[in-house]
Amino acid sequence: MRPNLTVQNKAGFTLIELLVVIAIITILATFSVIATRHLRSGANMTVCAGNMRQIGMAMQMYADDHRGNYPDTSHTLAAESAWIYQLESYLGKFDQLRICPADPNSEMRSRNKASSYILNSFVFLPPLDAFGNPAGSAYNKPSLLPDPSNTILVFIASNRAGLYPGDDHTHSDQWSSWARLTSDIAPDRHRHQASKNFTKGYSNYLYADCSVRSISAHEIKAQIDKGNNIAEIPGTTP
């Protein structure tokens with residue numbers, strides 16, 4: 001008589017199989033996080049562009065009602081009369097529209113009645129002489145801009161920019177380096193990953209024809225590195 005042989009099937013995974021499963025789960029989780037960041041960043045950039053487009057149209061309506069002049073900055077008015085508040089009656093959801101959804105200082109700026117958006121000083125401030133006196137006219141009228149479709153009116157403020165209503169304009173005449181530019185504006189406000197030199201991501205730019213363009217920080221830096229100041233008004237001598 002031959003003995004009955006019993007075959008036992010062992011259920012479960014080997015150590016190698018478990019490690020492979022864990023690795024696959026980790027990779028899938030990483031992709032999921034990256035995809036979520038991309039979606040959130042893209043959504044914020046779209047909302048921000050919509051905000052800026054409405055601000056651009058409000059600026060045009062304001063100029064139509066004020067003898068062709070854009071709003072004034074805190075240089076010529078009290079801080080509480082900063083340009084964004086001169087547009088309040090032209091903007092529906094004002095408190096939402098003045099804040100970029102990707103601004104890490106959004107709560108502070110909201111509480112301080114400030115804005116995530118900052119004016120181009122080449123357009124809104126007159127040039128000054130060595131003693132700080134006006135040495136020419138500002139181009140704060142749509143009719144004075146030779147090339148509106150290529151003239152930037154509004155940027156997104158840097159994390160290092162001020163958080164109060166009076167901090168409403170750039171110092172773009174000083175943008176001789178990348179460090180100076182990024183102290184005023186955020187060329188990487190909409191990004192999927194952080195970068196020490198602010199070159200990973202995009203930012204929105206409002207032009208005088210009311211269009212909004214999303215431009216990569218890498219492209220902006222390339223222009224600055226070539227000595228081209230993106231804030232200068234085309235067709236004029238800064």
Side-chain angles (χ1 to χ4, degrees), residues 48-49 51-91 94 97-100 109 113-158 161-162 164-176 180-181 183-186 203-213 215 220 228-238:
C48 175
N51 290 354
M52 297 181 84
R53 193 170 293 109
Q54 291 186 62
I55 288 171
M57 291 187 290
M59 278 190 165
Q60 187 60 55
M61 289 188 289
Y62 180 96
D64 291 342
D65 292 342
H66 292 80
R67 298 181 179 180
N69 292 292
Y70 283 131
D72 292 300
T73 72
S74 59
H75 257 232
T76 51
L77 293 175
E80 60 270 17
S81 299
W83 70 275
I84 192 68
Y85 281 88
Q86 296 165 58
L87 301 179
E88 186 170 4
S89 62
Y90 298 89
L91 295 170
F94 174 72
L97 292 172
R98 66 185 169 92
I99 300 295
C100 171
R109 286 197 169 101
K113 297 185 176 181
S115 176
S116 302
Y117 305 109
I118 188 169
L119 297 178
N120 181 358
S121 60
F122 274 119
V123 176
F124 292 89
L125 298 181
L128 304 177
D129 61 20
F131 301 98
N133 300 312
S137 300
Y139 289 86
N140 61 336
K141 291 186 176 184
S143 61
L144 297 177
L145 300 175
D147 188 1
S149 63
N150 288 303
T151 302
I152 301 176
L153 294 184
V154 178
F155 302 91
I156 301 177
S158 164
Y164 296 91
D167 303 307
D168 65 351
H169 56 275
T170 65
H171 302 88
S172 45
D173 59 316
Q174 300 176 17
W175 290 358
S176 57
R180 286 185 178 273
L181 179 144
S183 68
D184 268 349
I185 69 171
S203 194
N204 292 323
Y205 301 84
L206 171 63
Y207 288 78
D209 64 352
C210 296
S211 66
V212 176
R213 301 174 200 171
I215 305 174
I220 297 297
N228 300 326
N229 190 332
I230 62 169
E232 290 179 358
I233 304 170
T236 68
T237 302

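Computed from a predicted model, the values in this text were never measured in an experiment. Numbers for residues simply follow the sequence, beginning at 1.
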Practice task
Say whether, by atom type as modelled, one donor and one acceptor occur between the side chain of S149 and the main chain of D209 under 3.5 angstrom.
Solution key: no
Practice task
Verify, without hydrogens or angle tests, whether S116 (side chain) and I156 (backbone) share a donor-acceptor contact under 3.5 angstrom.
Solution key: no
Handout entry: Close side-chain approach of E88 and Y85, heavy atoms under 4.5 Å
Key = yes
Practice task
Could you walk me through whether F122 and T236 pass the side chain to side chain contact (heavy atoms under 4.5 Å, CB included) test, one step at a time?
Solution key: CA-CA 10 Å; F122 274 119; T236 68; over 6 Å; no
Handout entry: H171: partners by side-chain contact (heavy atoms from CB on, under 4.5 Å), with sequence neighbours left out
Key = H169, D173, Q174, D184
Exercise for the section: Answer yes or no: does atom OH of Y164 have more than 12 heavy-atom neighbours from other residues, nucleotides or ligands under 6.0 Å? Expected result: no
Handout entry: Interatomic distance, S143 atom OG to N140 atom CG [nearest 0.5 angstrom]
Key = 9.5 Å
Practice task
Report the distance from atom OG of S172 to atom CD1 of I118, rounding to the nearest 0.5 Å.
Solution key: 9.0 Å
Give the table of side-chain donor-acceptor pairs shorter than 3.5 Å for residues 51-58, with sequence neighbours excluded, one pair per line with atom names and distance.
{"from": "N51", "atom 1": "ND2", "to": "I99", "atom 2": "O", "distance (Å)": "3.2"}
{"from": "N51", "atom 1": "ND2", "to": "Y117", "atom 2": "OH", "distance (Å)": "3.3"}

Problem - Donor-acceptor under 3.5 Å (N204 side chain, V212 main chain) - result: no
Problem - Considering all heavy atoms, the nearest R98-R109 contact - result: NH1-O, 3.4 Å
Practice task
Among I152, V154, L119, N120, find the residue that satisfies the side chain to side chain contact (heavy atoms under 4.5 Å, CB included) test when tested with L206.
Solution key: V154
Exercise for the section: Kindly compute the distance separating CD (Q86) from CG (N69), expressed to the nearest 0.5 Å. Expected result: 10.5 Å
Fill in the blank from the handout: W83 and P71 have their tightest heavy-atom pair at CB-CB, 3.8 Å
Problem - side-chain contact (heavy atoms from CB on, under 4.5 Å) partners for A208, two or more places apart - result: Y70, L145, P148, T151, L153
Problem - Inter-residue atom distance N229.CG - W175.CH2, 0.5 Å rounding - result: 6.5 Å
Problem - Minimum side-chain heavy-atom gap I220-L181 below 4.5 Å - result: yes
Exercise for the section: Check whether any side-chain heavy atom of I185 sits under 4.5 Å from a side-chain heavy atom of S203, and report yes or no. Expected result: no
Exercise for the section: To the nearest 0.5 angstrom, please state how far the OG atom of S211 sits from the OH atom of Y205. Expected result: 13.5 Å
Exercise for the section: Give, for atom CD1 of I215 and atom CD1 of I230, the distance between the pair rounded to the nearest 0.5 Å. Expected result: 7.0 Å
